[in-house]
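The sequence lines fix the lettering, A, B, ..., with proteins before strands; numbering per chain opens at 1.
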Amino acid sequence: MTIPFNPEISINSGQMFLWEQIGNSWYGTYGDHIIKFSTSWTSKSSCINNNKNNGIQFYSYPEVKGWERKVFRLDDDIEKILSTLSNDTLVSKTIRKYPGLRLMRQEPYQCIFSFVCASNTNILMIRKMLKNLSKKFGCKVIFDGKEFYTFPSVNSLNKATINELHSCGVGYRAKAIKALANHIISGNLDVDYLVRIRYHDAKEELLKVYGIGNKIADCILLFSLEKLDAFPIDVWILRALSRYYNWLFNENENKFKMTERITINQYKVLSATIRNYFGKYSGYAQQYIFYYMREIAGKKW
DNA sequence: GTACAGGCAGTAT
DNA sequence: ATACTGCCTGTA
């Protein structure tokens, strides 16, 4: 059995902020690289399999051959992951509904800054903030005769003033961006180390940073620090838990209401319960559920 | 004008 | 441990 892979649906999963479509090509920012793939079809439902790039081509600037394997996590044992998660009714349904949807691996620093911008705002706003930051603090790159900006380096963000950051429309998050850059530059946050240690330990380190709470830490862990067992709970996932998984929480007085903002302790209980339920690939389940919730709500991004 | 969306930090209880 | 509030920008 070959599991399908569709890069287009994957980058539209809502967690990939800096991608844009130009004709039959998609261009994305991956740190200081611009990555691109082109399809020779127009239908969005088309898929390709793992081994043969049927009509789809991958490029990047600067050129890095085979980047798609890393970015689209083609090194994961997707067959095993999806078969494990298929024990769950809802996830099983979404796997069939969205063939080719994959979890994506983001550039760690870009991912961390992106999600620090993601507090208390929506995806369109996050995209806007990150575009502004890239234009102001990134490097201009001409690729295919088109103008792009690399994601700002940690150094450039560290040197930026609060006012400069604020001018990018990030609002009160300017303070968090500054604090984060300083944390990284001073060696208090080591990405390589966070990749090596386990979920709970890495999360503990992230939570020390001003501006990073439970949800944002889980996003960073899942999307860039190789913690496939992370399960970010935002409002969309909370609605899903309330609607489809209430039975999991009815024991032990773990009931919750989706209309209420959850407390830190409630997040811990929800997180522990759902991660125990889905297991080591919880993050993949989250990806499918998130996509499903956004789609039935009619969200484009 | 007014309501609402959205995660975190800080303070009071 | 929980409740409440302020923080920003934008859309309906």
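The nearest whole Å value for the distance from the CE atom in Met125(A) to the P atom in dC7(C) is 17 Å. The separation between Leu238(A) atom CG and dC8(B) atom C1' is 16 Å, rounded to whole Å. For the pair Lys208(A) NZ and dC8(B) C1', the interatomic distance rounds to 19 Å; values are reported in whole Å. One can place CG of Leu207(A) at 13 Å from C1' of dA9(B), the figure rounded to the nearest angstrom. Regarding Leu165(A), its CG atom lies at a distance of 13 Å from the P atom of dC8(C), rounded to whole Å. Separating the CG atom of Leu270(A) from the C1' atom of dG7(B) is a distance of 15 Å, rounded to the nearest angstrom. A straight line from CD1 of Ile126(A) to P of dT11(C) spans 15 Å, rounded to a whole angstrom. For Ile123(A) and dT9(C), the CD1 to C1' distance is 16 Å, given to the nearest whole Å.
The side chain of Asn120(A) places no N or O atom within less than 4.0 Å of a non-bridging phosphate oxygen (OP1 or OP2) of dA5(B). The side chain of Lys128(A) places an N or O atom within less than 4.0 Å of a non-bridging phosphate oxygen (OP1 or OP2) of dG10(C). At dG6(B), one or more side-chain N or O atoms of Arg239(A) fall inside 4.0 Å of OP1 or OP2 (strictly under the cut-off). The side chain of Thr121(A) contributes no N or O atom lying less than 4.0 Å from OP1 or OP2 of dT9(C).
Looking at Asn188(A) and Ser186(A), their side chains do bring a donor and an acceptor atom within 3.5 Å of each other. For the residue pair Ser156(A) and Ser153(A), a side-chain donor N or O sits within less than 3.5 Å of a side-chain acceptor on the partner.
With Asp144(A) contributing its side chain and Lys146(A) its backbone, the two residues share no donor-acceptor pair below 3.5 Å.
Nearest to the side-chain atoms of Tyr210(A) among the listed nucleotides dA3(C), dA9(B), dG7(B) stands dA9(B). The nucleotide whose nearest atom lies closest to any side-chain atom of Asp234(A) is, among dG6(B), dG7(B), dC8(C), dG7(B). Of the candidates dA3(C), dT9(C), dG7(B), the closest approach to any side-chain atom of His166(A) belongs to dT9(C). In this structure, of dA3(C), dC8(C), dG6(B), it is dG6(B) that holds the atom nearest to the side chain of Val235(A).
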Self-check item: Test side-chain contact (heavy atoms from CB on, under 4.5 Å) applied to Leu130(A) and Cys117(A), step by step
Solution: CA-CA 8 Å; Leu130(A) 298 180; Cys117(A) 290; 4.1 Å; yes
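At the heavy-atom level, Val209(A) lies under 4.0 Å from the strands shown only through sugar-phosphate atoms. In this structure, Ile212(A) reaches the sugar-phosphate backbone alone: every heavy-atom distance under 4.0 Å involves primed, P, OP1 or OP2 atoms, never a base.
Within a 6.0 Å radius of OH in Tyr267(A), other residues, nucleotides and ligands contribute more than 12 heavy atoms.
One donor-acceptor pair, N or O on each side, does fall under 3.5 Å between the base of dG7(B) and the side chain of Tyr172(A).
Residues Thr29(A) and Gly31(A) share a closest heavy-atom pair of CG2-O, 3.6 Å.
Mapping Arg173(A) and Asn265(A) onto DNA chain C via the closest heavy atom, the residue that lands nearer the 5' end is Asn265(A). Between Gly171(A) and Lys268(A), the residue anchored nearer the 5' end of DNA chain C, judged by the nucleotide with its closest heavy atom, is Lys268(A).
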